[in-house]
2 protein chains.
Amino acid sequence: MKEPNSPDSPLADLCRQRGLKLTGQRRTIAFVLSDSDDHPDVEELYRRAVEVDPRISIATVYRTVRLFEENGILQRRDFGGGRARYEVADGDHGDHYHLIDADTGKVIEFENTELDSLLEGIVRQMGYDLVTTRLSVVGRRTVKPRTRG
Amino acid sequence: MKEPNSPDSPLADLCRQRGLKLTGQRRTIAFVLSDSDDHPDVEELYRRAVEVDPRISIATVYRTVRLFEENGILQRRDFGGGRARYEVADGDHGDHYHLIDADTGKVIEFENTELDSLLEGIVRQMGYDLVTTRLSVVGRRTVKPRTRG
DNA sequence: GACGATAATGAGAAAGATTATCATTTGCAA
DNA sequence: TTGCAAATGATAATCTTTCTCATTATCGTC
Ligand SMILES: [Mn+2]
Ligand SMILES: [Mn+2]
Ligand SMILES: [Zn+2]
Ligand SMILES: [Zn+2]
């Protein structure tokens, strides 16, 4: 199912760099995560992982996302709906926020440095150092007034 | 346990205004909520409600907060930790955000109109109308450099 | 390349929060 | 006051996540 000398995914390398034991399952999950550009929950990650290697259990997916999050490899997101969602804590992808379409549930990412510094300043002024920002906005597609019938 | 002609709490009145049947339990929960100025979870609301009227069940507290939220009387908050927390959706109290102390868990409220309009503008620019803002920041008390030993 | 200590895994039980079920009770309009 | 739809209490069910423990795999060492 995998080429003998196939190189590891970026996340698998990170895993090794952190001194974490690189098991087959972790390699698979790391690959799946590196390959994703959305915000899958654990069930969805499990589905994708099984495609790559069927002998993996959902317990291991839960354990691995927790491990990766604790090691700064993954970021946990909460868009409501009761299940955690994950994405790679990517250095070059940069910190970003999320807009959720109220009707479709689609997640749209955005960055805004003005927002970054405003939050930083507000918190500073209250006597705190900013540790984590948990922000997502829900929006509804603007109805464009039609230019004539 | 309650004066015969004691006036209803502001929330109980709201409940009646919305055409919701005003049961004894709802009156009690409404009173407890009106009386709270923090962000209790359901277990905590249940504890407080039982103090007022012991013949109330936690199932009813769950049902009532859901009902009140659906009717715009309550706002559900998520500060992490796995349980929903609630506060009155107060008109004059105004929309606000929350800063959570990373060390103590204490919740500190703040308002900021610049933040309000910045978020509004960002979302607008992306082609959306802002429906809900879910924002909380975690911070750690700034260490004040001591002015001499 | 084999060995062994140690950590990871799989399967399922358990935990914790919330919702559903259903027989009984209650609010409220007539 | 009566009647009926709706609400409640007790508890089962559901859903997500964590835990348990016997088995298996990794990786440093020989
Ligand atoms: Mn920007
Ligand atoms: Mn949550
Ligand atoms: Zn993202
Ligand atoms: Zn608040």
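The sequence lines fix the lettering, A, B, ..., with proteins before strands; numbering per chain opens at 1.
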N/O donor to acceptor pairs below 3.5 angstrom from side-chain atoms of residues 29-36 of chain B, sequence neighbours left out:
| residue | atom | partner | partner atom | Å |
| --- | --- | --- | --- | --- |
| B/Ser34 | OG | B/Leu11 | N | 3.4 |
| B/Ser34 | OG | B/Ala30 | O | 3.2 |
| B/Ser36 | OG | B/Val32 | O | 2.7 |
| B/Ser36 | OG | B/Arg48 | NH1 | 2.9 |

For atom CZ of A/Arg18 and atom C1' of C/dA8, their distance in whole Å: 20 Å
If you assign each of B/Arg76 and B/Arg55 to its closest nucleotide in DNA chain C, which residue comes earlier from the 5' end? B/Arg76
Is B/Arg66 near enough to C/dT19 that one of its side-chain N or O atoms lies under 4.0 angstrom from OP1 or OP2? yes
Scan A/Arg63 against the nucleic acid and name what it touches under 4.0 Å (heavy atoms): base, sugar-phosphate only, or nothing. base
Rounded to whole Å, please give me the gap between OH in A/Tyr46 and C1' in D/dT18. 17 Å
Whole angstrom value for the distance that separates P of C/dT26 from CD1 of B/Ile56: 14 Å
Holding to ring pair (Phe, Tyr, Trp, His ring centres under 6.0 Å), I want the full list of residues that pass it with B/Phe79, two or more places apart in sequence or in another chain. B/His39, B/His98
Rounded distance (Å) that lies between atom C1' of C/dT18 and atom CZ of B/Phe68: 18 Å
A/Ile29 has an atom CD1; how far is it from atom P of C/dG10, in whole Å? 8 Å
Could I get the full list of salt bridge (charged side-chain N to carboxylate O under 4.0 Å, His left out) partners for B/Asp103, not counting sequence neighbours? B/Arg140
Presence of A/Gln25 side-chain N/O under 4.0 Å of D/dT26 phosphate oxygens OP1/OP2: no
Does a distance-only test, which skips hydrogens and angles, find a donor-acceptor pair under 3.5 Å between the side chain of B/Arg26 and the base of C/dG27? no
Does any pair with a residue in residues 121-139 of chain B pass side chain to side chain donor-acceptor pair (under 3.5 Å), and if so which ones, sequence neighbours excluded? A/Asp101-B/Tyr128
May I have the list of side-chain donor-acceptor pairs in residues 64-77 of chain B shorter than 3.5 Å, sequence neighbours left out?
| residue | atom | partner | partner atom | Å |
| --- | --- | --- | --- | --- |
| B/Thr64 | OG1 | B/Thr60 | O | 2.7 |
| B/Glu69 | OE1 | B/Arg76 | NE | 3.4 |
| B/Glu69 | OE1 | B/Arg76 | NH2 | 2.9 |
| B/Gln75 | OE1 | B/Arg77 | NH2 | 3.3 |
| B/Arg77 | NE | B/Glu87 | OE2 | 2.6 |
| B/Arg77 | NH2 | B/Glu87 | OE2 | 3.0 |

Residues that A/Asp13 engages under salt bridge (charged side-chain N to carboxylate O under 4.0 Å, His left out), provided they are two or more places apart: A/Arg16
For nucleotides 28-30 of chain C, which of its nitrogen or oxygen atoms have a protein nitrogen or oxygen under 3.5 Å away, and what is each distance?
| residue | atom | partner | partner atom | Å |
| --- | --- | --- | --- | --- |
| C/dC28 | OP1 | B/Leu22 | N | 2.9 |

Output all residues satisfying side chain to side chain donor-acceptor pair (under 3.5 Å) with B/Tyr46, sequence neighbours left out; order by chain, then residue number. none
Who passes side chain to side chain donor-acceptor pair (under 3.5 Å) against B/Asn112, sequence neighbours left out? none
At 10 degrees resolution, what angle do the end axes of the helix from C/dG1-D/dC30 to C/dA30-D/dT1 form when each is taken over five base pairs? 30°
Between B/Ser9 (side chain only) and B/Ala12 (backbone N and O only), is there a donor and an acceptor less than 3.5 Å apart? yes
In whole angstrom, what separates B/Leu45's CG from C/dA17's C1'? 15 Å
Across all chains, not counting sequence neighbours, the side chain to side chain donor-acceptor pair (under 3.5 Å) partners of A/Tyr62 are none
Review item, nucleotides 11-16 of chain D N/O atoms under 3.5 Å of protein N/O:
| residue | atom | partner | partner atom | Å |
| --- | --- | --- | --- | --- |
| D/dT16 | OP1 | A/Arg83 | NH1 | 2.1 |

A/Tyr97 vs A/Glu109 side-chain heavy atoms within contact, under 4.5 Å: no
